[in-house]
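First up is the structure itself, then whatever we jot down about it.
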Amino acid sequence: MSRDTRSVSSDRVCVPPTGAVVPKGSDGYVGERDMISKWLEDFLKQDSAGGMVLVAAAALAMITANSPLEPYYAQLLKMPLAVQVGALIIDKPLLLWINDGLMAVFFMLVALEVKREILEGELSNASQIVLPAVGAVGGMLVPALIYVWFNHGDSAAMSGWAVPTATDIAFALGVLALLGRRVPLSLRVFLLALAIFDDMGAIVIIALFYSSDLSMSSLIAAVTFTVVLVGVNLFGVARLAVYVLLGIALWISVLKSGVHATLAGVAIGFAIPLRTRGRPDSSPLREVEHALHPWVAFAIVPIFAFANAGVSLQGLSLDVITAPVPMGIVGGLFIGKQLGIMLFCGVIILLGWARLPEGSTWLGFYGVATLCGIGFTMSLFIASLAFEHGPTQSLIAADRLGILLGSALSAVFGYILLRFTSRPAGAG
């Protein structure tokens, strides 16, 4: 076969051999757009990509909140948005549409992941769940106690006791991804399982402690739609459109009931079936999880971070940082998380009720426990529930400052600890 090749350097064009298959739209060359697309595709496949986008969104919020653009940032978040269908009207500022609406989708994804792990994943084997389950209990109890110790004399500040109990799994796994093969797979699995239990704990806390002004009629409607969702699951309905329509009705009912609307996302996630009857190769749950994951990782969570991480540093002083609220959160996230996990897990390991994750050392285990102090997204979310209304609203800036400091310390210290106390797999 004859070859006819020419190149024009000024246009960066290379004509391919005669008869060669040229990708559609490539015009026979790989230009800058193709290179950027390839780079973007590779970036989005990285485990750390979601964490990087999350950090960028939070940084942008901080920069905006401390620049001449701050009034526009505040005005954007307060912008009213209303949806009305007949007598039904939902009228909220943009910030609450993000916190009540988009975060319901986030919690739906959490529920999907929890259900899959329980039915056929890391949480399906009882022997594998003891260590992360006990670690999650310690990692929630000790941070809460530290926060209470700092703020027990202030009834308003006590509303935020649950803020340092959370772990941001996307951020923590993103830090682990930066370490590559230095971290054994068993420690990644432990962190994922612990974060799942942590998320389940957060769901219970939100349901029990951050619901108010209950409307019985809306609550009855929410329970009814939940029962219908369970019913269609038990009858083997696999059409996702049914779950979407019922889910929207459930979300509206929960929103109007006084129970936080994100719990509707949890109910919808648990209702979607893992398998389709008669078609073992079909999984509606995995299909929805796969479709939602990039939207949550690269849109919903970053938007939430941008809307909630904008803390003004104007007038920041040592007195502000060392106030009880930020100190309680920093102490809870950076000290309480690692202390609680290491204490509770260490006891059951020494008693022989569980074993250290395979291939890990105590220092490596401690490094992962430290990373669990990255509260960020979940902590910001609980803070918004605790302090967004009434007289406690003035505390939310201090709360966010504590979250950012505690999460940053946990991320940096955990990374350094794992970076310098572990070796790449296969290293001699």
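As a basis for the values below, the full set of heavy atoms in this structure was taken, side chains included, without hydrogen atoms, waters or symmetry mates.
Under the 6.0 Å cut-off for aromatic ring centres, Phe376 and Phe381 do not qualify, their centroids lying 6.0 Å or more apart.
Ile341 and Cys372 make their closest contact through CD1-CB, 3.5 Å (heavy atoms, listed as atom of the first residue, atom of the second, distance). Of all heavy-atom pairs spanning Leu240 and Pro284, the tightest one is CD2-CB, 4.0 Å. Taking each heavy atom of Pro357 and Phe190 in turn, the nearest pair found is CG-CB, 4.3 Å. In terms of heavy-atom proximity, Ser215 sits nearest to Lys256 at CB-O, 3.6 Å. Across Ala386 and Gly160, no two heavy atoms sit closer than the pair CB-CA, 4.0 Å. Shown here for Ala383 and Ile403, the closest heavy-atom pair between the two residues is CB-CD1, 3.9 Å.
For the pair Lys78 (side chain) and Leu95 (backbone), a donor-acceptor distance under 3.5 Å is absent. The backbone N or O of Tyr72 sits nowhere less than 3.5 Å from a side-chain atom of Glu70 that would complete a donor-acceptor pair. Judged by distance alone, with hydrogens and angles left aside, the side-chain atoms of Asn151 form a donor-acceptor pair with the main-chain N or O of Tyr147 at under 3.5 Å. Judged by distance alone, the side chain of Thr165 and the main-chain N or O of Ala144 form no donor-acceptor pair under 3.5 Å. The main-chain N or O of Met62 is found under 3.5 Å from a side-chain atom of Asn66 such that the two form a donor-acceptor pair.
Note that CE of Met140 and CG of Leu194 are 9.5 Å apart. Values are rounded to the nearest 0.5 Å. The distance from atom CG of Leu131 to atom CD1 of Ile348, rounded to the nearest 0.5 Å, is 5.0 Å. Here CG of Leu229 is found 5.0 Å from CG of Leu246. Values are rounded to the nearest 0.5 Å. Here the straight-line distance linking atom OG of Ser379 with atom CG of Leu404 works out to 10.0 Å at 0.5 Å rounding. In this structure, OG1 in Thr361 is found 7.5 Å from CG in Leu187, a value given to the nearest 0.5 Å. Separation of atoms CD1 (Ile252) and CZ (Phe225) is listed at 8.5 Å; rounding is to 0.5 Å.
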Would Ser282 and Thr276 count as a side-chain hydrogen bond (donor to acceptor under 3.5 Å, both in side chains) if you check the C-alpha gap in whole Å, the side-chain angles of each, and the deciding distance to 0.1 Å? CA-CA 6 Å; Ser282 174; Thr276 302; 3.1 Å; yes
Apply the test side-chain contact (heavy atoms from CB on, under 4.5 Å) to residues Trp353 and Val347: give CA-CA distance (whole Å), side-chain angles for both, the deciding distance (0.1 Å), then the verdict. CA-CA 9 Å; Trp353 298 347; Val347 168; 5.9 Å; no
side-chain contact (heavy atoms from CB on, under 4.5 Å) between Asp168 and Ser407: does it pass, once the steps are laid out? CA-CA 9 Å; Asp168 188 321; Ser407 297; over 6 Å; no
Check step by step if side-chain contact (heavy atoms from CB on, under 4.5 Å) holds for Asp100 and Thr262. CA-CA 6 Å; Asp100 293 347; Thr262 52; 5.7 Å; no
Derivation and outcome, ring pair (Phe, Tyr, Trp, His ring centres under 6.0 Å), residues Phe306 and Tyr73: CA-CA 10 Å; Phe306 177 75; Tyr73 175 74; 5.3 Å; yes
Could you give me the CA-CA distance, side-chain angles and deciding distance for Val83 and Trp97, then say whether side-chain contact (heavy atoms from CB on, under 4.5 Å) is met? CA-CA 11 Å; Val83 175; Trp97 276 103; 3.9 Å; yes
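Counting heavy-atom neighbours within 6.0 Å of Trp362 CH2, excluding the residue itself, gives a total above 12. The number of heavy atoms from other shown groups lying within 6.0 Å of CD (Gln75) does not exceed 12.
In this structure, Phe270 and Val114 have side chains that are in contact, with non-hydrogen atoms separated by less than 4.5 Å. Contact check for Met158 versus Val148: side-chain heavy atoms found under the 4.5 Å cut-off. Using a 4.5 Å heavy-atom threshold, the side chains of Pro164 and Ile146 count as separate. Residues Ser217 and Ile220 fail the side-chain proximity criterion, which asks for heavy atoms closer than 4.5 Å. Side-chain contact between Glu113 and His293 is present, with at least one heavy-atom pair separated by less than 4.5 Å. No side-chain heavy atom of Val266 sits under 4.5 Å from any side-chain heavy atom of Met108. Residues Gln338 and Leu371 have side chains not in contact (no heavy-atom distance under 4.5 Å, counting atoms from C-beta outward). Within the 4.5 Å cutoff, side-chain heavy atoms of Leu141 are placed close to those of Phe344.
Judged purely by distance below 3.5 Å, without hydrogens or angles, the side chains of Thr167 and Lys337 pair a donor atom with an acceptor atom.
The residue from Ile248, Leu255, Val254 that alone fulfils the side-chain contact (heavy atoms from CB on, under 4.5 Å) condition with Trp251 is Leu255. Each of Leu405, Ile329, Leu380 was scored for a side-chain contact (heavy atoms from CB on, under 4.5 Å) with Arg400, with one residue passing: Leu380.
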Side-chain polar contacts of residues 171-179 - donor-acceptor pairs under 3.5 angstrom, sequence neighbours left out - could you list them?
none

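Below 30°, between 30° and 60°, or above 60°: for Tyr366 and Phe413 the angle between ring planes is above 60°, a perpendicular geometry.
A salt bridge between Arg275 and Glu120 is present, with a side-chain N of the basic residue lying under 4.0 Å from a carboxylate O of the acidic one.
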